[in-house]
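Just so it is clear: chains get the letters A, B, ... in the order the sequence lines come, proteins before strands, and each one is counted from 1. All figures in this text were calculated on a predicted structure; none of them were measured in a lab.
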Amino acid sequence: MILKTVKLVLRCLYIVNTLLRHKNRSLGSFFYSIKFLLTKRQSFIGICQIIYLMAKEITPRSEDYSKWYNDIVRKAGLAENSAVRGCMVIKPLGFGIWENMKSVLDGMFKDTGHVNAYFPLFIPKSFLSKEADHVEGFAKECAVVTHHRLMNNPNGSGVVVDPSARLEEELIVRPTSETIIWNTYKDWIKSYRDLPLLINQWANVVRWEMRTRPFLRTAEFLWQEGHTAHATSEEAVEEAKMIHEVYARFAEDYMAMPVIKGAKTESERFAGALETYTIEALMQDGKALQAGTSHFLGQNFAKAFDVKYLNRDNKEEHVWATSWGVSTRLVGGLIMTHSDDEGLVLPPKLAPTQVVIIPIPKPDPVIMEHADKLSAALKAQGIRVKIDRDEKKRPGFKFAQYEMEGVPVRVGIGKRDLENNVVEVARRDLKSKESVAIDGVVKYVADLLGEIQNNLLAKAKAFRSDHTTSVDNFEDFKSAIENKGGFVQAHWDGTPETEDKIKELTKASIRCIPNDSVLEEGKCVYSGKPSKQRVLFAKAY
RNA sequence: CGGGAUGUAGCUUAGUCCGGUUAAAGUGCUGGUCUGGGGGACCAGAGAUCGGUGGUUCGAAUCCACUCAUCCCGACCA
């Protein structure tokens, strides 16, 4: 600070000097100098403010939740905005989490009899219009390919679209693949022997969103979409429900993100579905996140694309369909479920790096020998380990860095530790640490990873139950949504009109009709009409 | 798509109202010295067509017009 002040004073002297050298414009210069002095003083104050602000790297949640979320995404290195509006670059840490999610889910799909395939990115425009509800749901956010060639700009530099290369039929960049897939299934399905057809694809899709947020809503995102065909309605419903279970299990067991399973109301359903099953998670700001959906599509697409099979009685019938998906949105849910004001917090099962080993104060041969040995032993247990070999950065900096990146366990190895035959083990979730005897450290760390996983789930569950409120009149309803946030359980008369009205008045929507909702006589919280069960309301992402 | 705000070095910004010196600072980056168990100190350096285009002016980061982008609040949506 003192140095800065001195520099400022020197600059002032310089100005005075300049002033003297420009006597011919004395009056103007004089006023200019005064102004210059004032503005420089402002700069000085501004700089002090910046320094103050930079002490806190991440905006606290209590101050601005959105900023906090963006800070985590950027400073932990999960993703960043790209040159393309609404599209993000997923960086190695963010993609590493997605890869782990993908690999677990893919295993679960395979275990339940599904296989992967890949369908085109482009969908002929005419396909999309074959199912009326479906097209209505997506028409407003489609990217359209109209041309297939560029040419040098005849008026100057750069390239322009070649007007002579207009496509006969425009192509839609898939917002979802039902249409192209059912157009294909038409040729694949002839007999009941071809059923069920259980296919999944990992792909990117594009929905031209007005407002985007990293992971939660981007114009392009990565997902999986399962599309299955069945001989009977019952079998298709069963499939949709089974996948619903898979999603819930994945969310709780791997993401440590508790979810409410339930069905969507008619107005919240997927465009073209007869029933949509959803898993709903609660974020730390009290807003709900739809984390995965599984749809029973009835025969809508089979009829639209004329997909028929011959049953055992040699009679033609339309097949019954499901589709289901989860996306990179899950990464956003993961961030908002566990992370804190220090940075990202990752559940060990999905963390790209589960354990980081830091030599203290810096890598040296003796310490590195122990680090390598420990790393190898942990790897042998199937644990994902990284050794920080950077000689330039200091341990304190590294600690802060890995906390920001959410690495679940940090092992510090220093000379003093080695003299005592211990290492220092720190856990990210509680930010606590202790010395552990080298002999037992592998088992200790392995157990700790499990404990962290359990603790994160328990903490998230506790948060959710603290933020779930049961109400019986509209005043309490509004107050709960407005002041406390979170899930609100209330009776609803079952009409879209009431649902809309409540949403208009409170911004809360029906997240789902929970599977485990008990049947009880009650009155709709808004209209007072009779209701048989409570549904789950919340403000949503 | 409506309302509001912001674009200046890799990042965070000051300066813009009220046009005028060689565009400023922190952080990050490079090299060096001393350091080293919770975001080190010092020294030296590199790094900016002030978002873009056009206009007004002797002179534009600063004023005007248009445009692009980002963020926030709505509507829409996974």
Using a cut-off of 4.0 Å on non-hydrogen atoms, how would the nucleic acid contact of [X] be classed: base, sugar-phosphate, or nothing?
X: A:K398; result: nothing
X: A:L289; result: nothing
X: A:K431; result: nothing
X: A:R74; result: nothing

Provide the full list of salt bridge (charged side-chain N to carboxylate O under 4.0 Å, His left out) pairs with a residue in residues 354-367 of chain A, sequence neighbours left out, each pair given once.
->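 Checked against salt bridge (charged side-chain N to carboxylate O under 4.0 Å, His left out) - neighbours excluded - the pairs reaching residues 354-367 of chain A are A:D364-A:K415.
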
Roughly how many Å apart are [M] and [N], using the [atom1] atom of each and rounding to a whole number?
N: B:rU62; M: B:rA23; atom1: P; value: 15 Å
N: B:rG19; M: B:rA9; atom1: P; value: 24 Å
N: B:rC1; M: B:rU67; atom1: P; value: 12 Å
N: B:rC66; M: B:rU30; atom1: P; value: 45 Å
N: B:rC17; M: B:rG54; atom1: C1'; value: 24 Å
N: B:rG59; M: B:rG3; atom1: P; value: 36 Å
N: B:rG52; M: B:rA69; atom1: P; value: 15 Å
N: B:rC43; M: B:rG4; atom1: C1'; value: 47 Å

Nearest-0.5 Å distance, OG1 of residue A:T498 to CD1 of residue A:I510 |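 Those atoms lie 8.5 Å apart.
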
Length of the [atom1]-[atom2] vector between [X] and [N], whole Å:
X: A:D417; N: B:rG37; atom1: CG; atom2: P; answer: 13 Å
X: A:R428; N: B:rG38; atom1: CZ; atom2: P; answer: 18 Å
X: A:K415; N: B:rG37; atom1: NZ; atom2: C1'; answer: 12 Å
X: A:M88; N: B:rU70; atom1: CE; atom2: C1'; answer: 16 Å
X: A:R410; N: B:rG38; atom1: CZ; atom2: P; answer: 10 Å
X: A:Y69; N: B:rU70; atom1: OH; atom2: P; answer: 17 Å
X: A:N420; N: B:rG37; atom1: CG; atom2: P; answer: 17 Å
X: A:E434; N: B:rG38; atom1: CD; atom2: P; answer: 18 Å

Going by the rule side-chain contact (heavy atoms from CB on, under 4.5 Å), which residues pair with [X] if we only count those two or more places apart in sequence or in a different chain?
X: A:K539; answer: A:K287, A:I481, A:E482, A:K507
X: A:D417; answer: A:V422
X: A:A236; answer: A:H230, A:F296, A:W320, A:T322
X: A:A219; answer: A:C87

Do A:S177 and A:E225 meet the criterion of a side-chain donor-acceptor pair at a distance under 3.5 Å?
->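 Their side chains do contain a donor-acceptor pair, which is all the 3.5 Å distance test asks for.
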
Short N-O contact, [X] and [Y], less than 4.0 angstrom:
X: A:E268; Y: A:R511; answer: yes
X: A:E403; Y: A:K431; answer: no
X: A:K261; Y: A:E245; answer: yes
X: A:D390; Y: A:K392; answer: no
X: A:D341; Y: A:R61; answer: yes

How do A:T218 and A:E403 order along RNA chain B: which one's closest nucleotide is nearer the 5' end?
->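 The 5'-side residue here is A:E403.
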
Closest-nucleotide ordering on RNA chain B, the 5'-leading residue of A:G86 and A:F221 =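 Nearest nucleotide further toward 5': that of A:G86.
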
Enumerate the protein-to-nucleotides 72-76 of chain B contacts in which both atoms are nitrogen or oxygen and the separation is below 3.5 Å.
| residue | atom | partner | partner atom | Å |
| --- | --- | --- | --- | --- |
| B:rC73 | OP2 | A:R211 | NH2 | 2.7 |
| B:rG74 | N7 | A:R211 | NH1 | 3.4 |

Please list, pair by pair, any protein nitrogen or oxygen found under 3.5 Å from a nitrogen or oxygen in nucleotides 32-36 of chain B.
| residue | atom | partner | partner atom | Å |
| --- | --- | --- | --- | --- |
| B:rU35 | O2 | A:R394 | NH1 | 3.0 |
| B:rG36 | O6 | A:K362 | NZ | 3.0 |
| B:rG36 | N1 | A:K362 | NZ | 3.4 |

Only counting residues at least two apart or in another chain, list the ones meeting ring pair (Phe, Tyr, Trp, His ring centres under 6.0 Å) with A:W208.
->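 Checked A:W208 against ring pair (Phe, Tyr, Trp, His ring centres under 6.0 Å); zero matches.
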
Output every pair passing ring pair (Phe, Tyr, Trp, His ring centres under 6.0 Å) with a member in residues 261-284 of chain A, not counting sequence neighbours, ordered by first then second residue.
->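 Only A:H134-A:F270, A:F138-A:F270, A:H244-A:Y277, A:F270-A:H295 qualify under ring pair (Phe, Tyr, Trp, His ring centres under 6.0 Å).
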
Listed once per pair and sorted, the ring pair (Phe, Tyr, Trp, His ring centres under 6.0 Å) pairs that draw on residues 66-91 of chain A, sequence neighbours left out |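 Matches after skipping sequence neighbours: A:Y65-A:W68.
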
Is there a donor-acceptor contact under 3.5 Å from the side chain of A:R428 to the main chain of A:P347?
->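 Judged by distance alone, no pair lies under 3.5 Å.
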
Could you check which residues of residues 239-251 of chain A get a heavy atom under 4.0 Å from RNA chain B? Sort them by number, please.
->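 Residues of residues 239-251 of chain A under 4.0 Å from RNA chain B: none.
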
Dot-bracket assigned to RNA chain B with the 3.5 Å Watson-Crick/G-U criterion, [ ] for crossing and | for other-strand pairs, is (((((((..((((......[...)))).((((((.....)))))).....(((((..]....))))))))))))....

